[in-house]
Amino acid sequence: MRPAPTILHLDMDAFYASAEQAAKPSLRGKAVVVGGLGPRGVVATASYEARRLGVHSAMPTAQARRLAPNAAYLVPRFSLYRTVSDQVMELLGRLSPLVEPLSLDEAFVDLEAGGTADDSASARATGEGLRVAIRAVTGLSGSVGLAGSKMLAKIASEQAKPDGLVVIEPGTERELLAPMSVRILPGVGPATGDHLRRAGMTTVHDLAEAGEAELVRLVGKAHGHGLFRMALGLDDRPVVAERDAKSVSVEDTFDVDLHDRVRVRAEVERLAVRCVERLRAADRSGRTVVLKVRRYDFSTLTRSETLRGPTDDPTVVREAAARLLESVDTTGGVRLLGVGVTGLADYTQEDLFAQAADAWALAQRALEHHAPAAEGGEEEAVQEPEADSAEQLAARRWPAGHDVHHEEHGHGWVQGSGIGRVTVRFEEPWSAPGRVLTFRIDDPQLRPADPLPLVRESPDYSSWPASLPKSRSSGAAASEGGESSP
């Protein structure tokens with residue numbers, strides 16, 4: 001534990017939904033739900049307006065629609081979220097060399113290591129300055145927690161939500177934690193929480209009173225020892241700048257179970273290519289290919305194959321995934337497929353034979369596609385995958401919420417598609433709410449587009465945070481609207 005609250009935890013507020021509201025003037029102040037929109041879709045993020053109606057992350061989209069039938073339901077735009085995340089992480093990097101990202105919208109920062117804070121006043125001033133900078137650069141809000149440990153900084157940022165800042169002063173930890181639920185502590189999930197509840201422990205105070213020996217008896221030595229320390233407010237985990245990923249994977253849940261074996265294989269190969277794209281984006285390679293198949297009855301099977309060496313070759317990963325599929329019984333239907341790569345490394349061992357085989361296969365497919373019928377006979381029948389309906393094709397080409405550009409009307413976003421039509425609202429992040437027009441899904445003047453920046457002209461923060469006060473004597477920024485130390 002540190003004697004000053006110099007560990008900062010930033011959590012962007014309802015990140016995906018807030019980014020969509022910032023990009024779409026007509027949705028500001030309204031319920032917005034971002035996630036999968038099919039019958040098996042799951043909510044990724046809900047705006048605070050939607051949360052007030054009972055919608056929350058990880059909820060089935062079908063249930064969310066019953067709770068908030070008039071909300072805007074949008075497909076995630078990860079290219080936009082990554083761009084905004086990069087802007088936020090760049091600002092955090094200016095505060096300290098020790099930044100530990102937890103996700104696109106969440107990170108720890110060691111302010112002491114960056115020399116940007118050494119006491120409560122300078123920590124608060126830095127936190128306030130960060131919130132102002134994030135809003136100026138991205139147009140979004142983030143909540144900041146400051147404390148002497150990572151656990152308490154994260155608890156503080158939760159208390160600060162939305163759009164606030166909370167400082168937990170050293171020495172107040174036990175008093176603050178005592179009435180809180182045991183679930184507030186890291187590592188206490190639903191199962192452990194229920195186990196502790198059955199033992200009569202529902203608050204952090206109960207854990208501290210029970211003592212270390214009793215907690216070890218209940219949950220085991222390693223977990224019990226750590227749980228007792230956290231109940232006392234003790235957490236010595238450092239902020240770690242490099243968090244090596246253990247695996248890279250992608251998966252898709254299908255609206256309708258896949259029965260056609262050719263279609264299943266085609267989806268596996270497509271997922272393998274997407275997985276390699278993520279692998280290469282991270283400048284990594286992997287040695288073990290993993291296939292995940294969830295069948296119609298919710299049973300989940302995984303298969304893996306370890307290669308001769310690390311690779312980031314799409315052909316190698318695709319063929320390995322296809323081989324793994326051969327050992328899986330897909331009779332009855334498949335509802336989810338996933339392809340992943342583990343055993344990550346920083347270099348690759350190219351498989352030239354696989355590359356050559358891939359080129360040969362492509363050439364063979366081209367020849368077969370254009371080959372004339374055999375003399376005196378008919379063309380050989382080629383088994384085609386299940387055909388997507390016009391509605392499925394439209395949904396894939398024009399996902400709700402995604403950006404489009406019309407040659408006459410300019411930039412807009414898809415409100416929805418169906419019955420051969422796509423409805424578009426034409427507006428930009430800095431414009432007034434725009435008008436709505438409907439087009440044929442094959443309108444030649446309409447095309448998908450890249451997201452626009454959320455802020456038209458981002459201010460220059462190249463010298464930030466040099467102007468922030470560094471000590472108590474320089475004074476702290478006043479807290480804004482309800483932000484406080486507990």
field: More than 12 heavy atoms of other groups within 6.0 Å of Glu457 CD
entry: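 Not buried by this count: 12 neighbours or fewer within 6.0 Å.
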task: Count the heavy atoms belonging to other residues, nucleotides or ligands that lie under 6.0 Å from CD of Gln63, then report whether that count exceeds 12.
output: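 Buried by this count: over 12 neighbours within 6.0 Å.
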Minimum heavy-atom distance [X]-[Y], with the two atoms named:
| X | Y | value |
| --- | --- | --- |
| Val43 | Ala46 | CG1-N, 4.3 Å |
| Lys150 | Asp235 | N-OD2, 3.6 Å |
| Leu291 | Ala321 | CD2-O, 4.1 Å |
| Leu92 | Ala107 | CD1-CB, 3.7 Å |
| Pro429 | Leu454 | CB-O, 3.9 Å |
| Ala241 | Pro101 | O-CD, 4.3 Å |

Nearest 0.5 Å, what's the [atom1]-[atom2] distance between [X] and [Y]?
| X | Y | atom1 | atom2 | value |
| --- | --- | --- | --- | --- |
| Ser18 | Met12 | OG | CE | 7.5 Å |
| Leu140 | Asp13 | CG | CG | 9.0 Å |
| Asp443 | Glu407 | CG | CD | 8.5 Å |
| Thr192 | His223 | OG1 | NE2 | 5.0 Å |
| Glu20 | Lys30 | CD | NZ | 15.0 Å |
| Phe78 | Leu104 | CZ | CG | 8.0 Å |

So does [Y] get a backbone contact from the side chain of [X], meaning a donor-acceptor N/O pair under 3.5 Å?
| X | Y | answer |
| --- | --- | --- |
| Ser47 | Val32 | yes |
| Trp398 | Ile441 | yes |
| Asp86 | Thr83 | no |
| Lys24 | Gly401 | yes |

Is it true that [X] and [Y] make a salt bridge, defined as a side-chain N closer than 4.0 Å to a carboxylate O?
| X | Y | result |
| --- | --- | --- |
| Glu428 | Arg456 | no |
| Glu214 | Arg217 | yes |
| Glu251 | Arg294 | no |

field: Residue list, ring pair (Phe, Tyr, Trp, His ring centres under 6.0 Å) with His406, at least two apart or on another chain
entry: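 His406 satisfies ring pair (Phe, Tyr, Trp, His ring centres under 6.0 Å) with His409, Phe439 only.
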Residue pairs involving residues 132-146 (criterion salt bridge (charged side-chain N to carboxylate O under 4.0 Å, His left out); sequence neighbours excluded):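 As it turns out, the salt bridge (charged side-chain N to carboxylate O under 4.0 Å, His left out) pairs with a partner in residues 132-146, which skip direct neighbours, are Arg135-Asp163.
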- request: Using distance alone, with no hydrogens and no angle criterion, decide if Thr45 and Ser57 have a side-chain donor and acceptor under 3.5 Å apart.
  value: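 Ser57 and Thr45 do not have a side-chain donor-acceptor pair below 3.5 Å.
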- request: Going by the side chain to side chain contact (heavy atoms under 4.5 Å, CB included) test, name the single residue among Met180, Arg183, Arg197 that passes it with Thr202.
  value: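 Result for side chain to side chain contact (heavy atoms under 4.5 Å, CB included) with Thr202: Arg197.
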- request: Run the numbers on Gln87 and Val84 for side chain to side chain contact (heavy atoms under 4.5 Å, CB included), then give the verdict.
  value: CA-CA 5 Å; Gln87 292 175 314; Val84 177; 4.2 Å; yes
query: Cationic tip of Arg94 within the cone over Tyr461's six-membered ring, i.e. under 6.0 Å and within 45° of the normal?
result: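 Checked: cation-pi criterion not met.
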task: Could you walk me through whether Arg174 and His205 pass the side chain to side chain contact (heavy atoms under 4.5 Å, CB included) test, one step at a time?
output: CA-CA 8 Å; Arg174 291 195 63 175; His205 172 76; over 6 Å; no
